[in-house]
> 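Pasting a structure here, questions to come.
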Amino acid sequence: MEYNFKEIEQKWQAYWKEKETYKVDTNPEKPKFYVLDMFPYPSGAGLHVGHPLGYIASDIFSRYKRLQGFNVLHPMGYDAYGLPAEQYAIQTGQHPAVTTKKNIDRYREQLDKIGFCYDWSREIRTCDPDYYQWTQWAFIQMFNHYFNTQLQKAQPITSLVKMFEASGTEGIQAACTEELTFTAEEWKAKTEKEQQETLLNYRIAYLADMKVNWCPALGTVLANDEVSEGVSVRGGHLVEQRVMRQWSLRVSAYAQRLLEGLDKIDWTESLKETQKNWIGRSEGAEMKFSLSFGEGRGGVIEVFTTRADTIYGVTFMVLAPESELVKVCTTPEQAVEVENYIAATKKRTERERIADRRVTGVFSGSYAINPVSGAEIPIWISDYVLAGYGTGAIMAVPAHDSRDYAFARHFNLPIIPLIEGCDVSEESFDAKEGIMMNSGFLDGLTVKEAIEAAKKYIADKGIGRVKVNYRLRDAIFSRQRYWGEPFPVYYKDGMPYMLDESRLPLELPEVDKFLPTEKGEPPLGRAKNWEINGYPLELNTMPGFAGSSAYYLRYMDPKNHKALVSKEANEYWRNVDLYIGGTEHATGHLIYSRFWNKFLFDLGLVCEDEPFKKLINQGMIQGRSNFVYRIKDTNTFVSLNLKNQYETTPIHVDVNIVSNDILDIEKFKNWNPEYKTAEFILEEGKYHCGWAVEKMSKSMYNVVNPDDIVEKYGADTLRLYEMFLGPLEQSKPWDTNGIDGVHRFLKRLWSLFYKDGIFVVTNDEPTAEELKVLHKTIKKITFDIENFSYNTSVSAFMICINELFTLKCSKKAILEPLVILLAPFAPHVAEELYHALGNETTVCDAVFPVCHEEYLKESAVKYPISFNGKVRFTLELPADMSKEDVEKTALANDQTIKQLDGKSPKKVIVVHGKIVNIVI
RNA sequence: GCCCGGAUGGUGGAAUGGUAGACACGAAGGACUUAAAAUCCUUUGGCUUCACGGCUGUGCGGGUUCAAGUCCCGCUUCGGGUACCA
């Protein structure tokens with residue numbers, strides 16, 4: 001019997017399905033382990049060989065944990081809402097639900113072939129009303145809560161209303177969009193509409209006029225993490241700034257907790273660093289500068305600075321063009337110039353501003369007073385100051401800030417150095433080091449001391465206060481698109497109200513076209529009867545990250561109609577022990593879901609503050625492209641090593657018609673009609689292709705489909721080879737050449753069980769040597785799995801089989817534990833062989849073998865004998881020989897005497913059991 | 001600019017400070033075969049030597065150490081992230 005992977009894999013996949021091998025339930029008898037993959041967006045292109053990398057890794061770990069006696073939750077689902085299906089719908093009229101379903105079916109078919117141990121009974125799809133009901137429900141809770149900054153916790157908005165009724169904003173500790181001040185009487189005097197408007201300022205899910213990233217090509221706004229360098233991450237379309245009334249989530253309120261939480265979780269340092277930067281905490285001071293014409297006319301500028309120590313070096317102030325203070329500060333003489341500048345700034349897109357780093361700005365005409373030195377300084381307006389960060393105004397210290405320096409140089413403003421010995425003739429001195437000068441009471445202090453002293457001074461004199469600022473912005477939550485979750489929101493008198501929870505899910509309505517209405521409303525504006533009790537429903541839909549923010553909770557209890565997750569299920573499964581996915585979600589999904597989870601935690605609905613305990617980012621699988629070289633203006637192709645003799649154009653060729661960089665000429669001729677009559681200049685009868693590592697994509701003709709690999713080599717080979725390629729977290733190119741190695745390994749394993757179709761496994765007692773091979777492997781595999789070093793595990797298996805092959809070992813006592821050891825990696829062949837050995841239950845429920853150190857003991861050690869660190873020969877000595885005796889034996893050796901050449905050694909180092917080094 | 005990773009044979013990669021290149025691909029040679037496939041055996045970093053062996057070698061330059069791919073300092077270079085964030 002040959003190793004017939006096709007038959008074996010179909011047989012066991014059917015068996016697992018029939019026996020529900022991968023179904024799990026809460027089981028208080030067993031410890032739980034939750035392994036999660038970032039669920040995929042089912043794209044029309046299907047899976048390529050890069051996608052399953054992380055899934056295979058998590059599958060191995062799940063199976064390993066199960067063999068160790070854990071109750072493992074390992075679910076899968078689909079992030080089914082998204083732009084591509086909707087763009088496709090706009091082009092073809094095909095309903096996105098139809099395309100999405102088709103794509104999901106295709107994904108499932110591909111995933112099934114690889115033999116994953118997912119509990120598919122727990123599958124979720126974000127576009128399924130049973131699922132998005134809980135996305136809508138969570139949104140309602142966010143609307144009904146505010147963030148109490150003192151408790152650092154979400155609280156019911158009703159409790160805030162009670163405080164307003166009792167004492168207005170006096171003593172309120174609430175995260176808000178804008179600092180408001182009113183009394184209880186003023187609150188009570190407000191109309192219902194005014195009160196609602198006021199509450200939006202505090203709600204965690206709120207509606208507000210915001211400067212948003214508007215993408216005209218997609219017809220929607222985008223969140224900050226969906227925009228990179230002025231263009232949309234998806235599609236690369238231009239993005240511009242606009243002010244629009246949009247739903248937002250007050251993620252910024254959780255900035256401090258999101259930051260602190262990072263210390264409690266086991267993520268890579270680089271990912272934590274990325275999140276830290278995105279949150280962008282900076283400690284500093286908020287300071288008041290009065291205008292020279294007096295505060296009477298509303299003239300106070302507040303600035304935020306992390307360098308309070310540089311207060312004596314402030315030579316001008318700068319306002320963001322959008323700042324409300326621009327109006328106050330602009331003098332009649334400067335009005336025209338200021339207006340022109342602001343108009344010009346508005347026209348520039350984000351992208352233009354990034355591309356064009358020219359220094360621009362305009363003088364407002366007014367002056368401010370330095371609150372510490374009393375100096376009078378001009379107030380400028382420039383777009384290098386951002387309205388959205390800090391207070392939208394800065395104190396400029398050109399000597400010690402490179403942006404201020406560039407500005408000062410351009411407009412000829414004074415530059416006062418504040419640190420002894422610094423040279424500011426060519427550039428600013430930004431480093432926070434040195435001794436202060438020109439700084440009054442701060443002179444002589446180090447920068448660090450001066451920062452503290454200045455902060456204290458400012459606070460004591462009432463000039464300002466110590467403050468912490470965050471870069472993290474609230475998440476814009478509205479999308480002007482069709483294919484997303486509808487908001488459970490209706491409008492009364494222009495104000496938003498939440499639907500009663502009993503009316504959930506609010507299902508996505510049908511529309512005639514997936515385009516905006518003539519009035520420019522989102523596509524939902526086309527829906528008939530999109531209203532409730534005569535009140536219009538919200539026309540925006542939720543963004544892509546809405547559905548992925550709490551999906552890991554739903555897997556715990558996917559069919560629950562009463563709650564997102566039951567208390568019992570949540571308290572059993574708690575949070576994700578191992579999360580595997582791509583690093584591209586570092587600032588999007590991984591921030592939002594942490595925020596979402598913390599919010600639910602505050603409400604007492606989930607029992608863990610952090611959703612993902614350990615996270616691993618699998619590396620990207622890059623493509624390996626092949627090239628043919630066409631001689632210019634001909635249809636003749638020249639082989640790689642002869643191409644320099646001609647003038648050629650490299651052309652991408654489908655990697656699937658190339659093997660080991662040798663082109664299949666017949667297939668090439670049929671690949672494209674253009675090449676039907678192509679001629680070739682060969683090397684020794686072969687056409688050698690060039691190659692390069694590029695992104696895996698259709699246009700590079702380097703996409704490899706896992707289905708093809710499974711068809712040709714089987715799923716077990718695919719799984720092993722994906723792991724064998726290299727370290728999990730590293731990016732590496734896919735090269736199908738080399739897959740023969742792991743396939744050969746499986747065939748060789750098979751040959752230990754079957755010879756000429758006869759089962760040859762015996763019950764003979766294993767020898768000490770065979771036991772050593774086995775236990776060495778157990779030890780290595782266990783260590784490697786715990787450390788996610790799967791590439792070296794595959795090598796270890798190969799070494800083991802090679803050794804058993806040499807020993808001609810077909811003993812059950814050795815092979816059975818080995819099969820269990822291999823089961824997480826190659827489950828199909830392991831299941832087959834496990835049953836062949838006489839077992840009647842699934843290998844998934846076997847017990848993972850344990851290494852017994854006593855089998856590993858060596859009786860002799862091969863000591864490398866080195867001279868001045870260079871190894872000259874080896875000496876085999878008994879393992880229990882003492883250090884002194886090893887030294888004596890080594891020195892007495894003929895070869896040592898030869899190496900010493902009459903000289904006496906200065907020093908001899910013996911590392912017991914390792915090495916001998918003789919220093920001459 | 002800033003922050004994080006990398007750099008080891010023709011290729012993917014291995015190596016708790018202790019024989020660099022495990023394992024695999026490819027290549028070369030051989031066995032079996034009418035032939036091919038499959039399988040099995042041998043060789044395979046470079047230079048040098050008939051051979052034993054010798055020299056050299058982990059991006060570059062220094063250093064620490066009996067001993068450095070590994071630790072420290074200074075560069076080069078390639079990826080990834082991020083950016084007028086005060």
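A note on names: the letters A, B, ... follow the listed sequences, proteins ahead of strands, and every chain is numbered from 1. What you see is a predicted model; the values in this text were computed from it and never measured.
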> Distance between the C1' atoms of B:G6 and B:A86, in whole angstroms?
33 Å

> Indicate, with a heavy-atom threshold strictly under 4.0 Å, whether A:L725 touches base, sugar-phosphate, or nothing.
sugar-phosphate

> Under 4.0 Å between any heavy atoms, over every strand shown, what does A:K870 touch: base, sugar-phosphate, or nothing? Just pick one.
sugar-phosphate

> Using a strict cut-off of less than 4.0 Å between a Lys/Arg side-chain nitrogen and an Asp/Glu carboxylate oxygen, indicate whether A:K448 and A:E433 qualify as a salt bridge.
no

> For A:E729, answer base if it contacts any base atom (sugar-phosphate contacts may also be present), sugar-phosphate if it contacts only those atoms, and nothing otherwise; contact means non-hydrogen atoms under 4.0 Å.
nothing

> Name the nucleic acid region contacted by A:R748, choosing base, sugar-phosphate or nothing; use a 4.0 angstrom heavy-atom cut-off, strictly under.
sugar-phosphate

> For A:V911, answer base if it contacts any base atom (sugar-phosphate contacts may also be present), sugar-phosphate if it contacts only those atoms, and nothing otherwise; contact means non-hydrogen atoms under 4.0 Å.
base

> With syn defined as a glycosidic torsion within 90 degrees of 0 and anti otherwise, which applies to B:G54?
anti

> Can you check the distance between B:A35 and B:U42, where both ends of the measurement are the C1' atom (answer in whole Å)?
24 Å

> Considering only atom C1', compute the distance from B:A22 to B:G12 and round it to an integer number of Å.
13 Å

> Can you tell me, in whole Å, how much space there is between the C1' of B:G69 and that of B:A14?
11 Å

> So does A:P52 get a backbone contact from the side chain of A:E722, meaning a donor-acceptor N/O pair under 3.5 Å?
no

> Pick the P atom in B:A51 and in B:U44, then give their distance to the nearest Å.
13 Å

> What's the gap between B:G81 and B:G10 when it is taken at their C1' atoms, as a whole Å value?
33 Å

> Checking all strands, does A:S270 fall into the base, sugar-phosphate, or nothing category for heavy-atom contacts under 4.0 angstrom?
sugar-phosphate

> Touch check for A:N737, heavy atoms < 4.0 angstrom, all strands: base, sugar-phosphate only, or nothing?
sugar-phosphate

> So what does A:K914 touch, heavy atoms closer than 4.0 Å: a base, only the sugar-phosphate, or nothing?
base

> Would you classify A:I799 as touching base, sugar-phosphate or nothing, given that sugar-phosphate means primed atoms plus P, OP1 and OP2, and contacts are heavy atoms under 4.0 Å?
sugar-phosphate

> Once you apply a heavy-atom cut-off of 4.0 Å, does A:K747 come out as touching a base, just sugar-phosphate, or nothing?
sugar-phosphate

> Does the side chain of A:Q256 pick up a donor-acceptor pair with the side chain of A:Y470 at under 3.5 Å?
yes

> Is the charged tip of A:R624 near the ring of A:W734: under 6.0 Å from the six-membered ring centre and within 45° of its axis?
no

> How would you label the contact of A:R872 with the nucleic acid (heavy atoms, under 4.0 Å): base, sugar-phosphate, or nothing?
sugar-phosphate

> Between B:A15 and B:G21, how far apart are the two C1' atoms, rounded to whole Å?
9 Å

> Is A:K898 salt-bridged to A:D894, going by a charged N under 4.0 Å from an acidic O?
no

> Applying a 4.0 Å non-hydrogen cut-off, can you work out what A:S382 is touching in the nucleic acid: base, sugar-phosphate, or nothing?
nothing

> Report which part of the nucleic acid A:N802 touches: base, sugar-phosphate, or nothing (heavy-atom distance under 4.0 Å, all strands).
sugar-phosphate

> Taking the C1' atom in each of B:A37 and B:A31, what is the distance between them to the nearest angstrom?
16 Å

